[in-house]
Protein chains: 2
Amino acid sequence: MPTRARRTQRRNQVLSREQIIDTAIDLLDTGGEGALTVRAMTDRLATGSGAIYYHVGNRDELLDTATETVITAALATKPARAAASPEDEIRAVALALFDAIAAHQWLATRLTLQIIRNPVGPVTVGIFERLGQQVGALGVPQPRWFDAASTLVHYILGAVSQNARVEGDTSGIDPDADREEFFDAASAAWQALDPEDYPFMHAIVGQIREHDDREQFLTGIAVVLDGLTNLR
Amino acid sequence: MPTRARRTQRRNQVLSREQIIDTAIDLLDTGGEGALTVRAMTDRLATGSGAIYYHVGNRDELLDTATETVITAALATKPARAAASPEDEIRAVALALFDAIAAHQWLATRLTLQIIRNPVGPVTVGIFERLGQQVGALGVPQPRWFDAASTLVHYILGAVSQNARVEGDTSGIDPDADREEFFDAASAAWQALDPEDYPFMHAIVGQIREHDDREQFLTGIAVVLDGLTNLR
DNA sequence: ACCTGAACACCGTTCAAGT
DNA sequence: ACCTGAACACCGTTCAAGT
C-alpha cells in the first residue's frame, strides 16, 4: 500500500533525465550532431555509459528528446496579445522556428526527421495545431484546412532548414568572417558559370549578395499567405 | 612527351568510380543511410577498403556524389516540348524531385544538406537555374527573381522532404501494409488528443486519412505560384 | 597506377557487478 | 533504484606493402 512513497531513496539520485538532455543540447550546439557521443556525455557528466542508458534508452531517443525540448520551448512563445491577426500569429510561429534553428543548427535535419516518422509526437502535432488554428480565420474553407496547413508547414520547414548554416565545420574561428568568405567564394563561382547555360544564376548574383535571410523568409510567407487566400 | 598516353595500364582497372557510386546508391536504396558502410561496399565489390578510398576520398563525398548523380538524372527530364507554360515547367521539375525522393528515401536529408553547404555545386545550381528561368515568365519583376526562386525551392524541397517515408526501418516486410498500419495508429492517436487543446487536429483527422501526398503537393505548388503572381 | 588488408582510433550498446 | 566500467561488435580511415 503505497499511500506514502518511500521517502528516502537508496542513494541520492545524482543524474536526472533533464540534466542529460541539457548537456546533450549543449554538445549539439557546440559541435553539431557528430559531437554528441556517449563518451562525451559521460565525460561531462562524470558517469559511466550505463547511467545514461538507464535514463534515456539510446542515442536516437536522446536526439529526439532534445529536438522536442527545443521546439516545445520555441512554440511556447505566448500567442501574442488579444487582437493579433491570423497572419501575425503565423508569422510569430514561423519566426520562432526560424530562430530556434538559427540557434541550434543540428535541428534542421532532426526536425524533418521527426515530422516524417513521428506524426503523433508533440513536435508535429504542436506545429500543425498552432498553424492550423489560423487557416480558418484566413478564409480557407474547412475541407481545405489540411491542405492549407500542410502547405504552410512545408514551406516554413523547408525555408528554415535551408537557412541553417554549415554543421560540423564549426571549427572555423570567427563565424562572421567565415560567412563572408563563404559568400565571396560562392559569388565568384556563380560568376564563373557559363552565362549561356546559366542565365538566371548570372542575373541574380547581385541579389544573392544583398539579400537578408530573415527578410526573404518573411517575403516567402507573405507569398504563401497570399496564395492561401485564394484557396477554394 | 605524352603525345600518346600510355595505352596499356599496368593492370586492368577493375574498379571504376562510377561502379562504386552505383553500388553505393543501391545500398542506400535498400537499407537507408545506415546501410552504406565501407565494409558493405567492399563485400559487394570484392575489394579492400583502400581501393574505395583510392577512388572516392571518403564516405561523405560518396554520399554527396550519389546525391548529385540521382538529382542530375532527375533534372535531366527534357524541358517538355515547345509551348509549355512556365507553370508546367515548374510542376515538371517539382514532380521530378518528388519522384526522385520517393524512389530514394535517403535523398531527403542529403539534398537539404547539400544545398546548405554546397551552394555552388551542380545540385543547388541546377535546381535554382531550372526553376528560376521560369519566374520571369511568371510575371515576377527582375529585382524579385531571387526571392521568387527561393520561395519555390524552399517550398518544393520542404514538401518533398516531409513526404519521404521512414528510413532505416525498411525491415518491415510489406511496405504498403506498413503504411496502412502506420496511418491507423496515427489516426487513433490524433483522435485521442484532447479536443479542447487540439481542435484543429480533430477537425482534420478525416482529411489526413483521405489525402493523397502527390495531389496535396500539387495544390501547394498552385498556392505558391498564385502568390508569386502578385509579387511586385 | 591501382589495389590489398591489417591496424588504429573511435563509435553505440550491453551487462554483470556493485551500493 | 541507480550507477559503474569493462567488454563487444562495429564503425571510417590510413598506410605499408604488393603488382
Side-chain angles (χ1 to χ4, degrees), chain A residues 2 4-24 27-28 30-67 106 109-110 113 167-169 171, chain B residues 2 4-24 27-28 30-67 106 109-110 113 167-169 171:
Chain A
R4 214 164 208 282
R6 195 178 315 273
R7 136 147 328 145
T8 43
Q9 284 153 320
R10 277 273 219 127
R11 191 205 309 220
N12 287 344
Q13 179 177 333
V14 73
L15 194 62
S16 71
R17 201 178 136 88
E18 201 192 31
Q19 201 179 147
I20 291 175
I21 295 164
D22 283 347
T23 66
L27 286 173
L28 287 165
T30 309
E33 205 167 309
L36 181 67
T37 68
V38 177
R39 280 161 237 261
M41 294 285 295
T42 57
D43 282 359
R44 283 257 201 143
L45 294 168
T47 33
S49 55
I52 290 170
Y53 281 90
Y54 182 81
H55 289 281
V56 254
N58 61 33
R59 200 188 104 111
D60 208 60
E61 196 184 305
L62 182 53
L63 242 357
D64 278 346
T65 315
T67 304
W106 50 275
T109 305
R110 272 286 146 179
L113 220 53
E167 112 181 70
D169 271 305
S171 47
Chain B
R4 213 164 210 283
R6 196 179 315 273
R7 131 147 334 143
T8 43
Q9 285 152 320
R10 277 273 221 128
R11 190 200 318 212
N12 287 345
Q13 181 178 330
V14 72
L15 195 61
S16 72
R17 201 179 137 88
E18 200 191 32
Q19 199 180 150
I20 291 176
I21 295 165
D22 284 348
T23 68
L27 285 173
L28 287 165
T30 308
E33 206 166 309
L36 181 67
T37 68
V38 177
R39 279 161 238 261
M41 294 284 295
T42 58
D43 281 0
R44 283 257 201 145
L45 294 167
T47 34
S49 54
I52 289 170
Y53 281 90
Y54 181 80
H55 289 281
V56 255
N58 60 33
R59 199 189 104 111
D60 208 61
E61 196 183 306
L62 183 52
L63 242 357
D64 278 346
T65 314
T67 304
W106 51 273
T109 304
R110 272 286 146 177
L113 219 55
E167 112 180 72
D169 272 304
S171 47

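- Within 4.0 Å (heavy atoms only), A:Ile52 reaches no atom of the nucleic acid at all.
- Rounding to whole angstrom units, OH of residue A:Tyr54 and P of C:dC15 are separated by 16 Å.
- A:Thr42 places a side-chain N or O within 3.5 Å of a backbone atom of A:Arg39 that can act as its donor or acceptor partner.
- Distance CG (A:Leu45) to C1' (D:dC2): 15 Å, rounded to an integer number of Å.
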Exercise answer: donor-acceptor pairs, residues 45-56 of chain A side-chain atoms, under 3.5 Å, sequence neighbours excluded:
| from | atom 1 | to | atom 2 | distance (Å) |
| --- | --- | --- | --- | --- |
| A:His55 | NE2 | A:Leu15 | O | 3.1 |

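- Ionic pairing of A:Asp64 and A:Arg59 is not present here: no N-O contact between side-chain nitrogen and carboxylate oxygen is shorter than 4.0 angstrom.
- Enclosure of atom CD in A:Glu18 is not indicated, since only 12 or fewer non-hydrogen atoms of other residues, nucleotides or ligands lie within 6.0 angstrom.
- Proximity of B:Leu28 to B:Arg110: side-chain heavy atoms (C-beta onward) are nowhere separated by under 4.5 Å.
- Put simply, OH on A:Tyr53 is 18 Å from P on D:dA7, counting in whole angstrom units.
- Among the nucleotides C:dG12, D:dG12, D:dC3, the one closest to any side-chain atom of A:Arg39 is C:dG12.
- Regarding A:Leu36, its CG atom lies at a distance of 17 Å from the P atom of C:dC10, rounded to whole Å.
- Comparing atom distances between the A:His55 side chain and each of C:dT14, C:dT4, D:dC3 picks out D:dC3 as nearest.
- Using a 4.0 Å cut-off between a side-chain N of Lys or Arg and a carboxylate O of Asp or Glu, A:Arg44 and A:Asp22 do not qualify as a salt bridge.
- Nearest nucleotide to the side chain of B:Thr47, out of D:dC3, C:dT4, C:dC3: C:dT4.
- Between B:Leu15 atom CG and C:dA1 atom C1' the separation is 13 Å, expressed in whole Å.
- The distance from atom CG of B:Leu62 to atom C1' of D:dC11 is 15 Å, rounded to the nearest whole Å.
- Protein atom CD of A:Glu33 is 14 Å distant from nucleotide atom C1' of C:dC11, rounded to whole Å.
- Atom pair A:Arg59:CZ and C:dC11:C1' shows a separation of 9 Å (rounding to whole Å applied).
- Looking at A:Thr23, its side chain does come within 3.5 Å of a backbone N or O of A:Ile20 through a donor-acceptor pair.
- Checking D:dC3, C:dG12, D:dT13 against every side-chain atom of B:Asn58, the shortest atom distance belongs to D:dT13.
- With a 3.5 Å limit on both pairing distances and Watson-Crick or G-U wobble geometry required, the stems of 3 or more pairs in DNA chain D span C:4-8 with D:12-16, C:12-16 with D:4-8.
- For B:Ser49 against D:dT14, a side-chain-to-base donor-acceptor contact under 3.5 Å is present.
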